[in-house]
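For reference, the structure is listed below as structure tokens.
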Amino acid sequence: MIDPRGLPLEPLTEPFGTQVLVHVEMPAGRMLHARIWHARVGRVPLLLLDTDIRRTTATRICAA
């Protein structure tokens, strides 16, 4: 496993310091949750989605 602390990455955070999360509805009632990381790659900002978080595999959307 790659340790992100050794890479030129920073978590994208809200102004008050909490890490930004995005939520995407997927087929079959599943919800994808991802953290956003900002990579320093020259002059171009590169945003990476990290889906290796506990919420992604455990969350389902209940259809009524």
Side-chain angles (χ1 to χ4, degrees):
M1 179 180 282
I2 297 174
D3 182 4
R5 293 174 292 194
L7 300 172
L9 296 172
E10 297 175 353
L12 189 64
T13 59
E14 298 283 350
F16 45 88
T18 57
Q19 193 168 8
V20 175
L21 292 175
V22 293
H23 313 282
V24 179
E25 188 173 341
M26 303 296 287
R30 296 188 69 80
M31 183 69 75
L32 174 77
H33 302 277
R35 291 180 289 209
I36 302 176
W37 291 85
H38 177 252
R40 293 180 303 273
V41 183
R43 297 181 307 190
V44 179
L46 177 63
L47 299 178
L48 305 170
L49 297 178
D50 177 8
T51 59
D52 188 21
I53 57 178
R54 184 173 299 273
R55 290 184 184 186
T56 296
T57 57
T59 306
R60 283 196 171 278
I61 300 170
C62 296

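Computed from a predicted model, the values in this text were never measured in an experiment. Here, residue 1 is the first one in the sequence, and each next residue gets the next number. The analysis underlying the following values was restricted to heavy atoms, covering all of them including side chains, and did not include hydrogens, waters or symmetry mates.
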Check the pair Leu21, His33 against side-chain contact (heavy atoms from CB on, under 4.5 Å), reporting the backbone distance first and the verdict last.
CA-CA 7 Å; Leu21 292 175; His33 302 277; 5.8 Å; no
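To the nearest 0.5 Å, atoms CZ (Arg40) and CG (Leu46) are separated by 12.0 Å. Between atom CG of residue Asp50 and atom CG of residue Leu12 there is a gap of 12.5 Å, rounded to the nearest 0.5 Å. Of the inter-residue distances, the one linking Gln19 atom CD with Glu14 atom CD reads 10.5 Å to the nearest 0.5 angstrom.
Applying the side chain to side chain contact (heavy atoms under 4.5 Å, CB included) rule to Leu49 yields the partners Val22, Ala34, Ile36; only residues at least two apart in sequence or on another chain are considered.
Hydrophobic clustering keeps Val41 apart from Leu47 (ILVMFWY residues linked when any side-chain heavy atoms are closer than 4.5 Å, directly or through intermediates).
The minimum heavy-atom distance linking Leu32 with Met26 is given by the pair CB-CG, 3.8 Å.
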